[in-house]
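Every chain is numbered from 1, with letters handed out A, B, ... down the list of sequences. Values in this document were obtained by computation on a predicted structure and should not be read as measured data.
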Amino acid sequence: MAITLTEKAAHRVEKYLQSRGKGVGLKLAVKTSGCSGMAYVLEFADQIDPQDEVFESHGIKILVDPKSLIYIDGTELDFTKEGINEGFKFNNPNVKDSCGCGESFTV
Amino acid sequence: MALLQISEPGKSTLPHEHRNAIGIDLGTTHSLVAAVLSGEAKILQDEKNARLIPSIVHYQKEAILVGNEAAKQLANDPTNTITSAKRLIGKKLSDIQPDTTPLKLVNQDQLIGIKTNQGVKTPIEVSSEILKKLSAIAQNHIQDEICGAVISVPAYFDDAQRQATKDAARLAGLHVLRLINEPTAAALAYGLDKKVEGRFVIYDLGGGTFDISILQLSHGLFEVIATQGDTGLGGDDYDLALFNWLISDLDIKVEDPKIKQALISLSKKIKEDLSQEYKIEINERLSNEILIKKIITQAEFSQLTDNLTQRTLKAIKAALHDANSTIDDIDGIVMVGGSTRMPVIQKAVQDFFKKDLLNDINPDEVVALGAAQQANILAGNTNENLLLLDVTPLSLGIETMGEIVEKIIPRNSTLPIAMAQEFTTYKDGQTAMMIHVVQGEREMVKDCRSLAKFSLKGIPPMVAGAAKIRVTFQVDTDGLLSVTAKELSTNTQASIEVKPSYGLDDEQIRSMLEDSFISANEDLEHRALAEEKMGGRQLLEMLKNALSEDQKLIDKDEIKLIDEAVKGLEMALQGDDRHQIHEKIERLNDVTQNFAQARMDHSIQKALSGKTLKDMEL
Amino acid sequence: MRGKFYGLTQNYFEIFNLTAKYNLNLTQLEEGYKAILKSIHPDRFINASDNEKNLAMIKSTQVNDAYQTLKNPIKRAQYILDLNQIKPDQGLGNDFLMQQMEYEETLEDLNDKNGLDAFKLEIDEKLSSELACIENNIDHKSDLIEASYHLLKATFLAKLAEKIKLKSLHLE
C-alpha cells in the first residue's frame, strides 16, 4: 500500500511549500490521545529522517515514520472546501470510528 | 468536520488544542481579519466574500448591524449609524469638535457616549461590535477555538487609546495576545523580518491618519526606533482639497447636505481616477444652478495638495532625526494605507528617499496580514526566532508644582520599561497624596493628555519631608501603564487608588460583559468554569514540559511540593467546582515561583554563555 | 539608586557579564542584550503561567534599563559614579558658568544651517574630549572625583549638542 495525495491536495502543498520558501515535502504521522484515541499530524518537513518511509505522489514527497504507517497506510490526503472553510482531509481506510472533529480516530 | 492545515515541523497540536490565532486590523474606515493557514497569511472573507469590512455599526431598536449592512443605513439614519469610532476611542468629549459629526455625543463618566436607539453607547462598545463580527468571520473559517488575537493600533496611539482598544476586544470575547503597531505589522507582511539586517521606513497614509515609523532589524530582533505621526492628516484631506478646488469658482454657497455629500463623493472619485489617468475631465450637473465643468491633471493635483504632502515629508525628517539617521541609512520604504495608491504620494516619497518603494502588497491588507503573522508566532506555531521590540510612542510624565510636567519615561523608550520616582510629604502627619500622570511631549499639564490620577494612601504619619515614597511606573509590552508605590523608611506598601481619566475599570467591563451575555443568552458560570479548566490544563501541560527540561534546577523537596500541588490540581480538574480549581491553580503557581525564577536565570546564563569567553579576552 | 526595581541583585554590568569600566565593547553589550531579550521577553511567555509572565516582564524591564544606561556614554559614566557613591562636592566654578552662557547666546544668535552645523562640530569635539577625560580618570587613574567634574561638563555639552541639532532641523 502507500500514501497518496489527490491532485488538488498536491497542488496546494506545492503552493504552500513555495510560499514558505523551504521544505522537502510533507510529513504525515499519528499521535495517541485526542478525543477518539488517535490524532493526525500534518506538518511541513525540512529534512528526511533515516527511518522515514518516503512516498511520492504528484511530485510531492510524503514522509511517514514506520510506527505511524500501520495506522494510516492506504490513506489518500485530499484538499477540500466546505463552505468558506478549506483544508486537508484524511481518507483513511483503517478508521473504524472517528470523532466529529475529523482530527482523531480509532482503528 | 474540521479540515486540517499543515503545521510547522514539530508544532502540531492535539485535536481541540490548536493554537489558532488571528490578526485584526481595526481600521478607521474599514477593518480586516486574517490568519496564517498552512503557513500562509490570508485575509479571511465574510460569507459574501468581502475582505474589507466597513467599520460601521448601526443600532436599531432590536438589532445591531455591522459592516456593509450598517453602511446601507448611513444615508437615512446617520445619527444611529456610527462611523469612524476609532477616532473617538479612548478620548474625552472635550477632545472632539462636535460639529464635525452627525452623531449625538454626550459625556459618559469621562468618556464619550453616543446616543443611539439602544441607549448611550461608548466607542469601546461600538468597536467591540466590529470585533465580534470579525471574530465570527474568523470562527467560520477556523471552526475551532480561537486562542487569541493580535490587534493593530496606530503607533502614535496613547495609553488611553490602547487600553480602550483592549477593552473593546475583551467585550467582544477576544483574548488579546498583543497589540501591534500598524507599521510593524506591515513590515512583517513584507517579510522584512527574514532579512538579516536593515533599517526601514514605514509610510502609512490612511483615510484620516498619517503615521511614519522607522524600524531597525538585526538578527531576528525587530525594533521600532522612532515614530512620528499626524492624527489629523489623511486621504480625506486630499478629497477636501479637491472639494475646495471644485467649488472655488462657484459663486454660490454649498449648504444643502445632499449636494455637499455629492461633491465629496465626486472629489473622492476624481482622486481615485487620478491614480489611473494623468488627466481628468469633470462635467457634472449637481443641481439646476450647479454645473461643474473643469479639467485637472496629476501635476495640478500635486500642486493643489503639496502642503499636505510636505507635511508628511516633514514628519519623515523628524522621525529620521529621532532615529539619528539620514536617508542613506534607510534600506527600504514600505507603503501602507489606501491613500498611498496616489501617484502624487508615491512620487514624493520616492524622490525624497531616492529609492524604489515596497508597494506590491495591497496597501489596505498589508497590516492585517502582518498582524496574523505575529499572532501565529506568538501563539507558538512557528520555529521562528523573531522578537518584536516596541517603544513608547509618547513621553510619560507627572504633574509637579505650577502644573509643569516632569518627564519620567521618555518617548521612544524600549518596552517593557519601568522608572521609579521618589516623593515626599509636605505636611506633618500627611497620610495621603495625589499623583497625576500625563502623556505627551509638551511642558504644561494642560497641553498633555491626562492619563490617570492616583491617590497614595496609608503613608505612615511622619514630620513633613521625612516620608520617602517610591512610586514605580511600569509600561508593559502593549504600552499600558501600571503603578506601584512603597514608603521606603518604614517599608510599607502604600495603597493606590487609580482613577483612570479614561477607559473602563474592571467592574465596568464585568457588568458590560454580563449584560451582553444575558442578552446573548449565554451561561456565564458555565463559561467561567470552562475557562478555569482550560487554564488549569494548560498550566499542567506547561509545567510538565518545564520539569522535563529543567528539573535539575531545583532540589528534591521542591519537586515533591510541586508534585503534590500538581496532584491537587489534577483532582480538582476531575470535578466541576470552579473555585476549587482556581484555588489549586493558585497553589501550584505559589509553589512553582522559585522554579520559574531559576529557569529564567538559567536561560539568561544560557543566552549569554556564547559571549562569556569573548568578555574574558577583553 | 535610579533604575533599581524589584530588588535587583546584580548591577548592570553583571547582568551582561561585563567588567565595570567606562570603556565598554559596545558590540558585545548589544549582542548580550539581544541574546538575553530573545530568551526572556514577555512575548516568549504568551502561553506560560502567570508566574513566568510576570517574571519575564520584570527581567526584561531590568535588562532594558541596564542596556539603555550602559549604551549611552554619559549615563554609563553616571552609573559608575553612582555605584561608587561619588558626587562632585562643589560646582564647576564661574569659568564654566560663563562659558555656558556664552554657548547659549551663540546658539540663540545662529540662524543659518551652516553656522549651526559648524557650531555643532565644535561642541561635538569638546564633548569627545570631555568623554576622553572621563575614560582616563575612571579606567586608568581611578580618580572618580575628577571624573565627576568632567561628567558635569559633558552632560551640559551633550544637551547643548541636541539643542543645536533640533534648531537646525526646524530651520529646514
Heavy-atom pair of closest approach, residues [X] and [Y]:
| X | Y | value |
| --- | --- | --- |
| B/Pro9 | A/Arg20 | CD-NH2, 3.5 Å |
| A/Phe88 | B/Gln5 | CD1-CA, 4.5 Å |
| B/Lys42 | A/Tyr16 | NZ-OH, 3.3 Å |
| B/Glu40 | A/Ser19 | OE2-OG, 3.4 Å |
| A/Glu43 | B/Ile6 | C-CG2, 3.4 Å |

A/Leu26 portion near chain B, given a 4.5 angstrom heavy-atom threshold: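 Interface part for A/Leu26: side chain.
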Under 4.5 Å from any heavy atom of chain A - which part of B/Lys48 |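 Neither part.
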message: Does any backbone or side-chain atom of B/Leu37 lie under 4.5 Å from a heavy atom of chain A? Answer side chain, backbone, both or neither.
response: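 Backbone only.
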### Task
Go through B/Ser38, B/Gly39, B/Gly191 and name the one with the most non-hydrogen pairs under 4.5 angstrom from chain A.
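Of B/Ser38, B/Gly39, B/Gly191, B/Ser38 has the most heavy-atom pairs under 4.5 Å with chain A.
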For A/Glu7, does the CD atom have more than 12 heavy-atom neighbours from other residues, nucleotides or ligands under 6.0 Å away?
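Incorrect, the count does not exceed 12.
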message = If you count heavy atoms of other groups shown closer than 6.0 angstrom to NZ of B/Lys533, is the number above 12?
response =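 Yes, because the 6.0 Å sphere around NZ of B/Lys533 holds more than 12 heavy atoms from other groups.
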